Amino acid sequence: MVTEILSSALSDALSAVGVDPPAEIQLERPANREHGDWSSNVALATAKMAGKNPRELGTALVDYLDANRPEYVSGISVAGPGFVNFTLDDSWLHQVLVDVAEQGADNFARLDTGGGQAINVEFVSANPNKPLHAGHARGACYGDSVARLLDRVGYQVTREFYLNDRGVQMQLFAESLAARKRGEEPPEGGYQGAYIIDWAAEMPDDADPLEWGYARALASHRETLSRVGIEFDVWFSERSMVASGVIDEALAELAEKNMSFVEDGATWLRSTEYGDDKDRVLVKSDGELTYLAPDVAYHRDKFSRAPKLINIWGADHHGYMVRMKAAMQALGHDPDGLEILITQLVDLERDGEAIRMAGRAGDFVSFDEIIDMVGPDVTRLMYLMQSVDTRQTIDLAAVSKKAADNPVFYVQYANARIHSTIKNAEEKGHTRKPLAEVDLSVLTHDRELDLLRAISTLPETVDHAARERSPHTIAAWSRELAAAFHGFYHDCYVVGDGVSDELTQGRLWLLEATLTALAVCFDLLGVSAPESM
RNA sequence: GCCUCCGUAGCUCAGUUGGAUAGAGCAGGGAACUUCUAAUUCCAAGGUCGCAGGUUCGAUUCCUGCCGGAGGCGCCA
């Protein structure tokens, strides 16, 4: 990697001018291309400690590096307050193409920052008594892409869905189903949604409404998620913890560690010990568990299976972060081992008009309806285009239009164009030769170099996206790559008048590398790579 | 009152451990198809990065305080 060559050269240069090199030398890509291909701020960062003027230190480094040119470097200069700027020969980009071609989609931009550590990503975890709705969709698409990113950077990822399959809400669900089956209205506080009527009609007469309904809801969840390419490794049942006794174990452990106490007939978690503003009830005075007790037992169980847990919660649950972390600390776990990621709400609109998500009970837009409307790829991409830290507004009418103002098609269109170009080349007798027989130095057009430059940034982009848990970075990057490709496509014919065989070969390999980079993005985002549109 | 997130171009949003002249898409203005998909490309225009301090060689980025918006604060789940 060229960055390794440059940082090692800078390190040598620092030593040569009598400055201790820092442990890590920062290299960045200047925003302005006139500042070169790579830039380092080491002179600014170390000058103070070394008691030198940053600009003079930078100049000394440049003098040394000029006399000891690192590979690929064609120019070195000091700029501004003391930046050291490197200009590279185009051959470094040709080498990028070779690397990408050799690594392929499986290995290009695959990192090992995770080092094989097990990580558990729990998301969606919707109650198994209603179909998934639009509000679950953001967390579902986000969680799955975060899992894909973590997998790509070397973690051993488990995708997990927690099932709240016991308690009052399941009882009410069963009673609502049974009532609809008899042609009656659901009971007070029951489920009013139209789906209850549909499901009741499907339910056999002799079925146990709770068990049948539970299975029905679970099947619905699996099917919906599967439509957008989301599969879970573990479906963890809350009920199973009652049967196995782990809830009692967790409660006993808290009591033993004096992290719980009994007052007013209820059992309380001492969450204030770890920053909560009040203690929280685990067992109510009537002996029933609150939601918290099974949740604590559940996270305790997850920690026994993986050292690192990620939970993806909707914004309406952020208030529970503190108490859950408190409970894990009370049990002796590292609070940083549990990472809770919050997704902000999504507003749906149609032609600028708001679609109410929480009107009367059961009145909602289902996840399935969205997939029906815009298809699985657009569904995933529209949720992943934007940071989950911001409240998102999605206009279903605008997003379902297959028109120029829909950014979702832009990237897939690049993929389709590449395939059609390759097909056209083959029809005209140009098949790609082995890379070793192709002279990549013919790739000198600005569009070609820009495209390669874009491709070269994918590994660092994946690294950043994985660290920040931000798949939207990948979505944004894929758009930039597509833009670089469309520019190339516009100005550079792969086959045609005035294009030599050598140039056709080089460009065919450039297309291949672009496809590889796109494939990595599509995989991380969980969308398909269409060969024609 | 406390907690979380947000405030960047007319609109929707990016902005990588703090870095040089803050970027894209859309909308609006002007161009480009005898050859691989015009779902494209190119040019111009568009900014008090909510406000005020602080830290720093350097702040959209970090810290504090305000202002504005959204959501959450149960012996409900």
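All heavy atoms count here, side chains included; hydrogens, waters and symmetry mates do not. Values in this document were obtained by computation on a predicted structure and should not be read as measured data. Below, chains carry the letters A, B, ... as their sequence lines are ordered, and counting in each starts from 1.
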Let me spell it out: for each of A/Asn164 and A/Pro81, pick the nucleotide of RNA chain B with the closest heavy atom. Which residue's pick is nearer the 5' end? A/Pro81
Taken to the nearest whole Å, CH2/A/Trp38 to P/B/rA20 is 16 Å
Report yes if at least one side-chain N or O of A/Arg447 is closer than 4.0 Å to OP1 or OP2 of B/rC42; otherwise report no. yes
Toward the 5' end of RNA chain B, by each residue's nearest nucleotide, A/Asn32 or A/Gln344: A/Gln344
So what does A/Glu28 touch, heavy atoms closer than 4.0 Å: a base, only the sugar-phosphate, or nothing? sugar-phosphate
Find the partner of B/rC42: check Watson-Crick (N1-N3 plus N6-O4 or O6-N4) and G-U wobble (N1-O2, O6-N3) distances, both under 3.5 Å, and reply none if neither fits. B/rG30
Measure CZ/A/Arg323 against C1'/B/rU4 and give the value in whole Å, please. 13 Å
Could you identify the nucleotide paired to B/rC73, looking across every strand shown and requiring Watson-Crick or G-U wobble geometry with both distances under 3.5 Å? B/rG1
Would you mind pulling out the nucleotide paired to B/rC51, Watson-Crick or G-U wobble, both distances under 3.5 Å? B/rG65
Would you say the base of B/rU40 stacks on A/Tyr413 (centre-to-centre below 5.5 Å, plane angle below 30°)? no
Base, sugar-phosphate, or nothing for A/Glu238, non-hydrogen atoms under 4.0 angstrom? nothing
With both distances under 3.5 Å as the test, what is the Watson-Crick or G-U wobble partner of B/rU16? none
Say you draw a straight line from CG of A/Asp37 to CG of A/Leu27; how long is it, rounded to the nearest 0.5 Å? 12.0 Å
What is the distance, to the nearest angstrom, from the OH atom on A/Tyr410 to the C1' atom on B/rA39? 10 Å
In whole Å, I'd like the distance from the CG atom of A/Asn41 to the P atom of B/rG18. 10 Å
